Structures are given as C-alpha cells and as structure tokens.
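The structure appears right after this line, and notes come after that.
Order of the sequence lines fixes the chain letters, A, B, ..., with proteins taken first and strands second; residue numbering starts at 1 for each chain. Everything quoted here is computed from the prediction, not taken from an experiment.
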Amino acid sequence: MNNFTSVNEVANPNKLVQQVLDIKQNTSYPKVGENKSLALIFFNPSLRTRMSTQKAAQNIGMDVTMMNIDADTWNIEFENGTVMDGSTQEHIKDAVQIISGYCDLMGVRTFANLQNRHKDYEEEVLSKFLEYSSVPIISLESAIRHPLQSLADLTTIAESKIQKPKVVLSWVPHPKKLPQAVANSFLEWIVETDAEITLTHPKGYELSKEFTDGIPISNNQKKALKNADFIYAKNWSSYSNYGQTPEVAQNWVITAKKMNLSNQGKFMHCLPIRRNVVASDEVIDNSLVYQQAKNREHAAQAVLQNIVEAL
Amino acid sequence: MNNFTSVNEVANPNKLVQQVLDIKQNTSYPKVGENKSLALIFFNPSLRTRMSTQKAAQNIGMDVTMMNIDADTWNIEFENGTVMDGSTQEHIKDAVQIISGYCDLMGVRTFANLQNRHKDYEEEVLSKFLEYSSVPIISLESAIRHPLQSLADLTTIAESKIQKPKVVLSWVPHPKKLPQAVANSFLEWIVETDAEITLTHPKGYELSKEFTDGIPISNNQKKALKNADFIYAKNWSSYSNYGQTPEVAQNWVITAKKMNLSNQGKFMHCLPIRRNVVASDEVIDNSLVYQQAKNREHAAQAVLQNIVEAL
Amino acid sequence: MNNFTSVNEVANPNKLVQQVLDIKQNTSYPKVGENKSLALIFFNPSLRTRMSTQKAAQNIGMDVTMMNIDADTWNIEFENGTVMDGSTQEHIKDAVQIISGYCDLMGVRTFANLQNRHKDYEEEVLSKFLEYSSVPIISLESAIRHPLQSLADLTTIAESKIQKPKVVLSWVPHPKKLPQAVANSFLEWIVETDAEITLTHPKGYELSKEFTDGIPISNNQKKALKNADFIYAKNWSSYSNYGQTPEVAQNWVITAKKMNLSNQGKFMHCLPIRRNVVASDEVIDNSLVYQQAKNREHAAQAVLQNIVEAL
C-alpha cells in the first residue's frame with residue numbers, strides 16, 4: 001500500500017478488514033513505526049480522527065506531529081500561476097513539498113466546500129497533496145470520501161459475523177449542509193463485501209452515479225428498512241442542486257419504531273451525532289456507534305502498518 | 001487510586017505528599033507509563049497544568065494526546081434528551097465515551113461558569129466525565145476544586161519541615177471574577193495535615209460551608225496574618241451572592257509590611273499572579289510560588305503513577 | 001554551546017555547518033536527547049520552524065511540548081513594576097521561570113512589532129527569556145535575527161562546494177510590512193564564511209549598520225546580480241523610517257531574465273514565498289528553497305545535540 005485515499009488503492013478490502021480485526025484482538029503491537037514520523041494536517045477541527053489516528057500511530061511507536069491549518073492564520077494558494085499579492089501567503093505546492101520533507105508519512109483532513117461541485121469532486125485539496133508530496137498520503141477525510149471511516153464501518157459489520165448482511169444506508173435530517181463524503185465512501189467500500197446494500201433518501205438527495213451505480217435506491221425509508229441487519233444513518237446535502245438542502249416533507253429521523261421494521265437491525269453512524277435530530281436517544285443508546293468509533297483506531301493502525309512496512 | 005478529583009479519593013493524603021517528595025528527590029524514573037496513553041482535555045487555556053502534567057507523563061514514558069475544546073469550534077450538549085437542532089454538535093455522553101476509548105487515562109480541565117451555583121457545585125461537566133468515561137479521570141481543575149494544585153501546595157509546605165505550621169489562606173483583590181476552586185480545594189486538603197489553618201476574607205466573600213466547616217475565619221486580615229508561617233493568597237468571587245464581586249473597602253493586597261506581621265512567613269500563590277494587585281513585587285520575588293509550580297510536575301507524576309499501577 | 005540566539009554564541013560557525021552536513025549524511029542518530037524535554041514557545045504561527053524543530057528533536061529522542069501564546073487568550077506583561085490590573089494576566093518573569101522549570105531546553109519564537117525600533121533591536125521579548133530562564137534558550141526567530149534559518153542557509157550554500165561563492169542578498173517586493181530578521185541574520189552568518197557577499201536594495205531600505213558594516217551595498221539590483229553564484233531574496237521594511245514601506249519605483253521581482261545575469265546562480269529564499277510577487281514561478285521551481293527548508297531540520301538537530309550534550 002502506498003497512498004490510502006479510497007478503496008481503489010486497496011488490493012483486497014476484505015483482507016484489510018480481517019487485518020483490522022486481528023489488530024483488535026491484540027493488546028501489544030510490534031513497534032514497526034519506530035523512528036518513523038507521521039504528520040497530521042487538519043484543514044478543520046477534528047476529535048475522533050485526530051485522537052484515533054494519533055493513538056494508532058503511538059501503538060506502533062511512530063512520532064506524530066500535528067498541524068492545524070486555520071484559514072485565519074495561514075492562507076493557502078491553490079491556483080497555479082497566481083500573482084500572490086493578496087491574502088494567500090503560501091502556495092499549496094510549496095507547503096506540501098516542505099511538510100513531506102519533514103515526515104515519512106502524511107495524513108490530511110480536508111472538507112468539501114459545497115459551493116463548487118467540480119472542485120469538490122476533483123478533490124481540489126487532496127489531489128494537490130497527492131501531486132506534490134514526496135511521502136505517502138493517508139486521507140483523514142476528503143471532499144468526497146472518508147476511507148478510514150468506511151474501513152472502521154466494514155470492520156464493525158464484519159464483527160457481527162452475519163453472512164450476506166442486509167445493509168441500508170439511510171439519509172437522515174440535519175440542521176446544517178453536510179458533504180456527501182461519508183455516504184459516498186461507505187457505498188464504494190460496502191460493495192466490495194458480501195453485504196446486500198440498499199440506499200434510501202428523499203427525492204432531491206440522489207448521490208453521484210459514480211458511487212450508486214448498481215445499487216438499489218428507494219425513496220421510501222420504511223420499506224427500505226424492512227428486514228435490515230444494519231441501518232447506517234447519515235445526512236448529506238444535494239448533489240444535483242449542489243450543496244443545497246431542499247425541503248423534505250416526511251420525517252426521516254430514525255426512531256425505535258422504525259428500527260422495529262428491521263431484522264433486529266443495528267444502528268450505525270459515524271459521529272458526531274445530533275441526538276433526537278438524526279436519531280432518537282433510544283436508538284443511539286442501543287447502537288454500534290461507539291464500536292465504530294473504537295474501530296477507527298484499529299483501522300488507522302492497519303493502514304499505518306501497511307504503509308510503513310512498504311516504505 | 002482510581003479517579004483523582006478531590007481529596008476524598010485519596011486514602012492517605014500525607015502519604016501521597018511523601019510520595020511526591022520522594023519523586024522530587026529522584027531524577028530518573030521507572031517507565032511505568034510505557035504503552036499507556038493519557039488524553040488531556042482542556043475546556044479553557046492552560047500553561048502550568050498543561051506543561052506540568054505533560055512533563056510528568058513523559059517522565060514515566062506515557063504517550064500524551066491533547067484536545068482543546070473550544071466553544072467556537074466544537075459545541076458540547078450537556079442536557080439529556082435535548083433535540084440537538086441548535087448550536088451543539090455532540091453530546092457530552094458520546095464525546096466522553098469516544099475519548100475514553102482512545103486512551104488509558106484522561107485528564108480534564110473545566111471551570112466554574114459562575115452563573116449557576118447549583119450547576120457549578122454539582123460539577124456539571126466533571127461529573128459527566130466521571131459518569132461516562134470507561135477510564136480513570138484526573139481533574140486538572142474543576143468548577144469547585146483543584147486537587148493537583150492542592151497536592152503541590154501541601155508538598156511545598158511539607159518541604160519546610162515546620163511542625164504544625166500556622167497557615168493562613170487570605171482572600172486578595174483581583175480585577176476579574178474568579179472561581180472558588182483553588183481556595184475550596186486548599187482547605188479540604190490542608191485540614192488533612194497537622195497544619196493550623198485560618199481563613200481570612202472580607203465580609204461577603206464567605207466560602208461554602210462544605211469547605212470551611214470547623215475552620216477559624218476572620219474578617220481582619222492583619223490579625224489573621226500574625227505569626228503565620230505560610231500566607232496562601234487567592235482571590236475568589238462571592239459564594240452567597242454567587243459569582244459577584246461586592247466592593248471591598250479595605251486594602252487586601254499582600255505587601256511586605258503585612259508579611260512582617262507574620263512569623264517570617266512564606267508567601268504562596270497558585271499562579272498566574274497579577275503583580276502589585278494580588279501582592280507586591282517584593283513579596284512575590286521572595287516567595288514560594290516557583291517551588292509550588294515546580295511541585296505541580298511531581299504531584300502530577302505521583303498521581304499518574306498510582307493510577308497507572310492500579311490499571 | 002549554551003544558548004543559540006545569534007552567530008556570536010557559536011565558537012566556529014563553519015565547523016557547525018560541517019556538523020549539519022554530517023548529520024544530513026546519516027539516517028539514524030544516537031538518542032542523545034532521551035529523557036530530555038524541549039518546550040517550544042510560539043508567539044505567532046509557524047509551519048517550517050515548528051515541524052523542522054520538532055522532527056529534529058524526535059530524531060534524537062527528545063520529548064517535545066508545544067505552547068502557542070495567543071494574544072487573545074494569555075496576555076503577557078513585559079514591563080517591570082506595573083500594577084497588573086488591566087488586560088495582562090501574567091508577567092513574563094513568572095511565565096519564563098515556570099516554563100523553564102518544566103523542561104531542559106526551550107525554543108522561543110518571537111517577532112518584531114515594527115512599531116518601536118528600540119524595543120525590537122533590544123530584543124524585548126527574547127531578552128526576557130534569556131534573563132529569566134533557568135535552561136538554555138534556542139531562538140526560533142526573534143525580532144531581529146533568525147539564526148536557525150541562517151545556519152540552514154549556510155549549509156545549503158556549503159553543499160554546492162563552490163569555493164568563495166559570490167552571494168547576493170537582494171531586497172524583493174512584498175505586500176506586507178516584514179521584519180529585517182532574516183536579512184540581518186543571513187549577513188552576520190555569511191561573513192563568517194569564505195563567501196563574497198553583496199547587498200542590494202532600493203534606497204530607503206538600508207539595514208542597520210550593525211549588520212552591514214563592511215559589506216558592499218548597491219541600489220542597482222541588476223548590477224549586483226552579475227556573476228552571482230547564489231541570489232538570496234528577501235523582503236524587509238525600512239529600518240531608518242522604521243517599519244514603513246516607502247514606494248519603490250523599479251521592479252525588484254526576481255525573474256528568469258534577471259537570473260540569467262548571474263553565473264548560473266541559484267535562487268534562495270527562506271519561505272513562505274509569495275509566488276510571482278517575490279520571484280516568478282519559473283525561478284522558484286528551479287531553486288534551492290526546498291533544500292533550504294529540509295536543512296532547517298538538520299540545522300536544528302545539530303544545535304539541539306550540542307546544547308543537550310553540554311547540559
């Protein structure tokens with residue numbers, strides 16, 4: 001493994017999930033990361049990603065350096081050829097080459113701006129890191145994907161040992177405009193497994209065909225939930241009417257009553273979760289969300305190990 | 001030792017002080033914290049606490065992760081059952097369970113809001129950490145206590161080897177509204193030793209009876225300072241008229257002249273200190289304040305060692 | 001070596017450059033910093049300095065603690081004798097003594113305020129750290145010097161193995177008011193080598209005589225660039241009309257055409273660089289800037305090693 005930014009870079013996703021499970025079984029780890037340095041670059045705040053990745057790196061003996069790139073203090077220029085006499089202080093080209101000179105491996109967290117679909121779906125920021133870095137890149141979430149989350153999610157599902165589980169990815173309400181990254185990424189990973197995946201969302205919330213090709217889609221949440229083993233809830237804003245949040249007539253909150261439609265299904269969410277908006281307290285308190293979060297550490301460790309061993 | 005949030009969790013406070021003194025005598029330490037991870041969570045900025053605790057952890061080989069919870073970037077919901085469609089993004093219940101999944105031990109720094117006495121004295125934030133954490137909690141100061149400071153203070157007093165020292169805790173002026181935590185905590189620790197403690201403050205600045213029960217109180221600072229071996233100065237806002245700062249007619253600043261009333265008494269303060277407001281330069285420059293600050297490191301190390309060894 | 005704040009503390013600058021080059025040849029390092037702790041204190045944001053110094057410390061096994069001193073959250077008092085009843089919360093005297101109690105070595109990053117030349121050239125902030133610290137101080141850039149940058153720059157020049165290289169330090173345009181630190185520092189280091197240094201800048205941008213004594217100065221950039229082996233570009237604001245940026249009639253941007261005047265000269269800059277303002281993309285893309293940045297790590301490591309070994 002060189003970079004880790006989407007499932008496409010993973011030769012065998014199911015084998016990788018198995019590796020995560022193996023790591024979780026152990027409590028002491030070979031210090032394969034010793035004398036290796038990981039730089040974690042955040043373009044926005046992070047709790048889970050920051051802590052789980054740092055912990056994973058520490059588990060294998062890596063040194064970790066953290067950089068928050070705050071728009072207020074360090075403005076980055078992304079366009080080539082610009083005369084930089086305005087507010088941007090450093091070109092991404094220079095920043096990335098410099099940072100990669102000080103570490104053996106780089107983790108990068110970026111977000112969709114939800115204003116320009118073309119730029120987001122071209123991964124404007126992440127692609128510059130991939131272009132200019134002299135060391136491998138791990139995505140800690142990008143404009144349109146969140147592969148470490150997806151790997152942790154697949155691990156959580158695998159832990160149930162259900163053969164051909166019925167998995168439903170359901171849109172849920174949220175007061176803010178959110179990216180499509182978690183949903184996109186979950187879809188492109190889950191299709192690599194033996195799960196039967198169904199996607200349900202209100203009209204107007206179709207995801208990019210790039211990620212939904214071949215996946216059954218329903219606009220009827222209740223029907224979709226029937227017999228589900230896993231209900232993965234996530235909000236996202238519109239792809240077609242990019243970044244907008246068209247009004248939704250029906251109530252898409254996940255409640256205990258809706259969960260009863262499933263096959264004693266388990267509720268999943270990537271966190272942070274707005275309680276009683278995305279799902280009710282009762283649903284969340286009987287869910288897999290903490291297991292998913294904990295698996296973020298093991299997932300990150302598997303990826304770090306694989307990349308470090310290939311250095 | 002499991003949690004460390006008040007003197008009540010310490011079986012033998014004097015023995016713990018002796019352990020701190022022993023640690024201070026050594027320069028190399030057994031790496032009892034190796035492969036253990038400490039998360040330090042700050043709800044407000046910190047210099048001494050952050051650096052001393054991190055140094056203590058490094059002394060015994062622990063990995064340290066730091067998180068600043070800035071109200072502007074990560075709003076936490078504390079109420080149960082809320083429909084989280086407003087500004088709060090994550091429930092304290094979820095945040096704490098997640099964080100405690102990524103570490104072996106957690107340090108938490110919170111502050112009194114000084115608006116709702118009931119919430120502060122119930123330790124609204126710290127109590128949620130204690131409720132939801134799956135790992136031991138160390139208080140790095142809470143709404144109404146600051147046990148690591150108190151332990152460092154007792155160690156500083158113990159270093160003088162004075163039998164039954166006369167200790168005066170004196171209210172002093174300050175331009176801001178401050179919590180009662182340091183004063184409360186000092187009182188509940190000092191009564192565990194052989195010291196003779198006296199409390200002096202202007203009328204209107206009575207502390208909670210929970211902490212002053214059985215302690216002689218005087219509203220005459222000069223009288224109280226007579227024959228004191230240690231003068232511990234600290235400002236706090238009113239408990240009865242909660243969070244308010246009623247005007248004080250007399251001058252409560254600690255000056256060299258006032259120190260002369262004591263028994264060659266030593267001046268103590270937890271820092272940061274506003275010079276020539278709380279006490280004069282001369283008093284501070286001939287005080288124990290740096291010794292107290294340095295003892296924060298040794299105190300934190302003793303507590304970390306005890307908790308790590310009990311894991 | 002005790003402190004490292006200017007070339008004056010370095011017994012033999014050329015020998016130090018050689019040590020940096022030796023470090024660069026190696027990939028594994030003796031852990032001479034083990035059980036030693038480095039505190040890095042930043043009065044403003046930093047990318048290169050922060051990452052390169054942290055990496056250097058990790059290379060030799062040191063523990064690193066970082067503190068950002070943000071004017072908004074922790075106001076420091078610099079004047080002695082002040083009645084601190086205003087916005088400042090802690091005196092620099094207390095802060096430095098405390099911090100130095102928690103580490104074996106301290107790195108400090110400060111900046112010129114460009115308002116009061118006297119204060120800047122007296123190194124108001126750095127000098128307080130030197131006065132009150134109980135441990136050695138490394139400057140990570142100060143009001144008027146940037147010695148780690150200069151050491152990295154000299155190393156970069158030394159790597160060319162050109163005997164008596166002709167080095168030109170050229171003022172270049174910039175939209176903001178910048179300190180003179182990098183230019184001052186480069187001059188006081190380069191004169192310690194066998195290089196022939198020339199300084200070129202527009203009228204009104206004379207540097208302090210303290211740093212330019214004996215150095216040929218030209219106001220004609222093109223003439224100065226002739227036959228240069230290295231062109232070091234840097235903007236600075238006026239020293240005589242302190243902190244001001246008098247208008248400059250001619251175009252001082254470094255272009256490929258200007259580079260052609262040199263002796264196949266190499267372009268140098270300390271970064272961050274505003275592309276097509278300071279120099280054209282073409283010039284930067286064929287420059288030594290990344291090599292300089294990488295040498296920051298090796299330079300920091302040499303300095304850390306020397307200080308740690310002398311502890």
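- Using a 4.5 Å cut-off between heavy atoms, B:Ser100 does not touch chain A at all.
- With chain B as partner, the option from A:Arg274, A:Met51, A:Met66, A:Lys176 having the largest number of non-hydrogen pairs under 4.5 angstrom is A:Arg274.
- In the displayed structure, A:Lys266 atom NZ is contacted under 6.0 Å by at most 12 heavy atoms of other residues, nucleotides or ligands.
- In the displayed structure, B:Glu309 atom CD is contacted under 6.0 Å by more than 12 heavy atoms of other residues, nucleotides or ligands.
- To the nearest 0.5 angstrom, A:Ser52 atom OG is 12.0 Å from B:Ile99 atom CD1.
- Applying the salt bridge (charged side-chain N to carboxylate O under 4.0 Å, His left out) rule to B:Lys294 yields the partners B:Glu297; only residues at least two apart in sequence or on another chain are considered.
- Scanning both residues, A:Leu271 and B:Ile98, for their nearest heavy atoms gives CD1-CD1, 3.4 Å.
- Counting heavy-atom pairs closer than 4.5 Å to chain B, the top-ranked of the candidates A:Ile273, A:Val278, A:Ile284, A:Leu47 is A:Leu47.
- With a threshold of 4.5 angstrom between heavy atoms, A:Asp285 approaches chain B through side-chain atoms but not through N, CA, C or O.
- A donor-acceptor pair shorter than 3.5 Å cannot be found between the side chains of A:Tyr29 and B:Asn35.
- For a residue to count as touching a neighbouring chain, one of its non-hydrogen atoms must lie under 4.5 Å from one of that chain's; by this rule A:Pro175 touches chain B with the side chain only.
- The only option from A:Arg48, A:Gln58, A:Arg50 that meets the side chain to side chain contact (heavy atoms under 4.5 Å, CB included) definition with B:Tyr102 turns out to be A:Arg48.
- If you tally non-hydrogen atom pairs under 4.5 Å between each of B:Glu77, B:Lys93, B:His91 and chain A, the highest count goes to B:Lys93.
- Ion pairing of A:Arg275 with B:Glu79 is absent here, as no side-chain N (NZ or NE/NH1/NH2) approaches a carboxylate O to less than 4.0 Å.
- When heavy atoms are compared at a cutoff of 4.5 Å, A:Lys31 approaches chain B solely by way of its side chain, counted from C-beta outward.
- Both the backbone and the side chain of B:Thr65 come within less than 4.5 Å of a heavy atom in chain A.
- Summarising the geometry of B:Val83 relative to A:Val277, their closest heavy-atom pair is CG1-CG2, 3.8 Å, with the distance given to 0.1 Å.
- Looking at A:Ser46, only its backbone comes within 4.5 Å of chain B, counting heavy atoms on both sides.
- For chain B, the nearby part of A:Gln54 is the side chain; its heavy atoms alone come within less than 4.5 Å.
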